[in-house]
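Throughout, a chain's letter reflects where its sequence line sits, starting with A, and its residues are numbered from 1.
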Protein chains: 2
Amino acid sequence: MDTCAETLVHPDAVAAARRVVDDAPVDALAETFKVLGDPTRARILLALSVRELCVCDLADLLSVSQSAVSHQLRLLRAHRLVRFRREGKLVYYSLDDDHVRTLFAEGLRHVKEG
Amino acid sequence: MDTCAETLVHPDAVAAARRVVDDAPVDALAETFKVLGDPTRARILLALSVRELCVCDLADLLSVSQSAVSHQLRLLRAHRLVRFRREGKLVYYSLDDDHVRTLFAEGLRHVKEG
DNA sequence: TGATCACTTGATCATGTGCTCATATATAGA
DNA sequence: TCTATATATGAGCACATGATCAAGTGATCA
């Protein structure tokens, strides 16, 4: 790690920032964003924000193979972003968390203010 | 695309969801989240949420090579997430957008309610 | 101008990721 | 039980991505 000099330019500022960065669960946070950061998964979540949907309807509406959807749903499940319930042969998925709606709303705001 | 059947299970629901998904700038949204979804970039943004910092201090506080930081800052710049100003030999970066703080706060809320 | 420092950028490479294909599981109905 | 339908999952592969290394740019100062 080749720092600019032997001593920092702004030791106090760096110390304060380091405290904030080290205290926050950055890795978990980044991983959550990474999950949201894929077009297919984002579409899935956006669709589920309208209402719960079964896997095959999701696949159709996203024009993605059922297998691909299923793989992504598995990931979303692992991150507690969606829940599911079985009804006969169908499996219905829905958002597990209202934070997702808030995150999307805020993200859209950033995107739109070009 | 192998849909479950020739006809959808819930045509109306799918139509409504499709409208929402197609109307939103999903790709841009997902790309923004993807940018936030890397530990190094998340740390950079978190550090900058404390105060503006020069590149070498950022590199030091994150224990990442200065080149790596610079590459990531370039990306963050491209997505209008950080701004910079030159002061002599140093280049100071800061958050370009308050949405980032909001997004991080909401993301942390999701992560913490384990 | 030449040296040095702070930063940027291009090339390269190892790793990660998302899709497809094939196969497995689960449920319903004959 | 046998078949059909809906979903899940493992393997494999093409492509994206983040770090490093080396070289380039811009600014200060002797």
Side-chain angles (χ1 to χ4, degrees), chain A residues 1-10 14 26-27 30-45 48 52-79 82-94, chain B residues 1-10 14 26-27 30-31 33-45 52-79 82-94:
Chain A
M1 311 308 141
D2 55 308
T3 302
C4 46
E6 292 82 16
T7 53
L8 298 170
V9 180
H10 308 92
V14 171
V26 205
D27 288 332
E31 219 182 295
T32 298
F33 282 129
K34 180 186 281 184
V35 174
L36 303 179
D38 171 78
T40 301
R41 289 191 293 268
R43 283 193 177 84
I44 289 175
L45 292 171
L48 294 182
E52 73 168 4
L53 289 165
C54 65
V55 177
C56 66
D57 280 350
L58 264 176
D60 178 277
L61 106 79
L62 302 174
S63 302
V64 172
S65 80
Q66 179 266 346
S67 173
V69 173
S70 202
H71 276 296
Q72 301 296 13
L73 285 170
R74 179 183 167 77
L75 227 180
L76 293 172
R77 240 159 49 209
H79 286 268
V82 299
R83 64 172 76 229
F84 67 99
R85 68 182 179 85
R86 175 146 230 150
E87 192 176 314
K89 283 184 290 188
L90 301 176
V91 176
Y92 288 92
Y93 280 84
S94 55
Chain B
M1 313 305 146
D2 55 309
T3 303
C4 47
E6 292 83 16
T7 54
L8 299 169
V9 181
H10 309 90
V14 170
V26 205
D27 288 333
E31 220 181 293
F33 282 130
K34 181 187 281 185
V35 173
L36 303 178
D38 171 78
T40 300
R41 289 191 293 267
R43 282 195 177 82
I44 290 176
L45 293 171
E52 73 167 5
L53 289 165
C54 65
V55 178
C56 67
D57 280 351
L58 263 176
D60 177 279
L61 106 78
L62 302 174
S63 304
V64 172
S65 81
Q66 183 258 19
S67 174
V69 173
S70 201
H71 276 295
Q72 301 296 15
L73 285 170
R74 180 183 167 76
L75 226 180
L76 293 172
R77 240 159 49 209
H79 287 267
V82 299
R83 64 172 76 229
F84 68 99
R85 67 184 179 83
R86 176 147 228 148
E87 190 176 316
K89 282 185 292 187
L90 302 177
V91 176
Y92 288 92
Y93 280 83
S94 55

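- Place V69(A) and V69(B) on DNA chain C by their nearest nucleotides, and V69(B) ends up nearer the 5' end.
- Once rounded to the nearest 0.5 Å, the distance linking NZ of K89(A) with SG of C56(A) reads 10.5 Å.
- Side-chain proximity of L90(A) to dT8(C), dC19(C), dA6(D): nearest is dA6(D).
- Separating the NZ atom of K89(B) from the P atom of dT8(C) is a distance of 15 Å, rounded to the nearest angstrom.
- In this structure, F33(A) atom CZ and dT17(C) atom C1' are separated by 20 Å, rounded to whole Å.
- Interface remark: the S67(A) side chain does form a donor-acceptor pair with the dT9(D) base, using a distance-only criterion of under 3.5 Å.
- Both geometric conditions, a ring-centre gap below 5.5 Å and a plane tilt below 30°, are fulfilled for H71(B) over the base of dT9(C).
- Annotation: the span from L36(B) atom CG to T32(A) atom OG1 amounts to 11.5 Å, rounded to 0.5 Å.
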Dump the pairs, protein N or O against N or O of nucleotides 12-18 of chain D, anything under 3.5 Å, distances to one decimal.
{"residue": "dT17(D)", "atom": "OP1", "partner": "K34(B)", "partner atom": "NZ", "Å": "3.0"}
{"residue": "dG18(D)", "atom": "OP1", "partner": "R41(B)", "partner atom": "NH2", "Å": "3.1"}
{"residue": "dG18(D)", "atom": "OP2", "partner": "R41(B)", "partner atom": "NH1", "Å": "3.2"}

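- In this model, the phosphate group of dT20(D) is approached by a side-chain N or O of S65(B) to a distance below 4.0 Å at OP1 or OP2.
- If you take CD on E52(B) and CG on D57(B), they are separated by 11.0 Å, rounding to the nearest 0.5 Å.
- Side-chain nitrogen and oxygen atoms of R74(B) include at least one within less than 4.0 Å of the OP1 or OP2 phosphate oxygen of dT9(C).
- A salt bridge (Lys or Arg N to Asp or Glu O under 4.0 Å) check over residues 34-45 of chain B, counting only residues at least two apart or in different chains, returns the pairs D27(A)-R43(B).
- Counting to the nearest Å, the C1' atom of dG26(D) and the CD atom of Q66(B) are 13 Å from each other.
- Applying the 4.0 Å criterion to OP1 and OP2 of dA6(D), one finds that R86(A) has every side-chain N and O outside that range.
- Atom CG of L73(A) is separated from atom P of dT9(D) by 11 Å (rounded to the nearest Å).
- Y93(A) comes within 4.0 angstrom of the backbone, heavy atoms only, and of no base.
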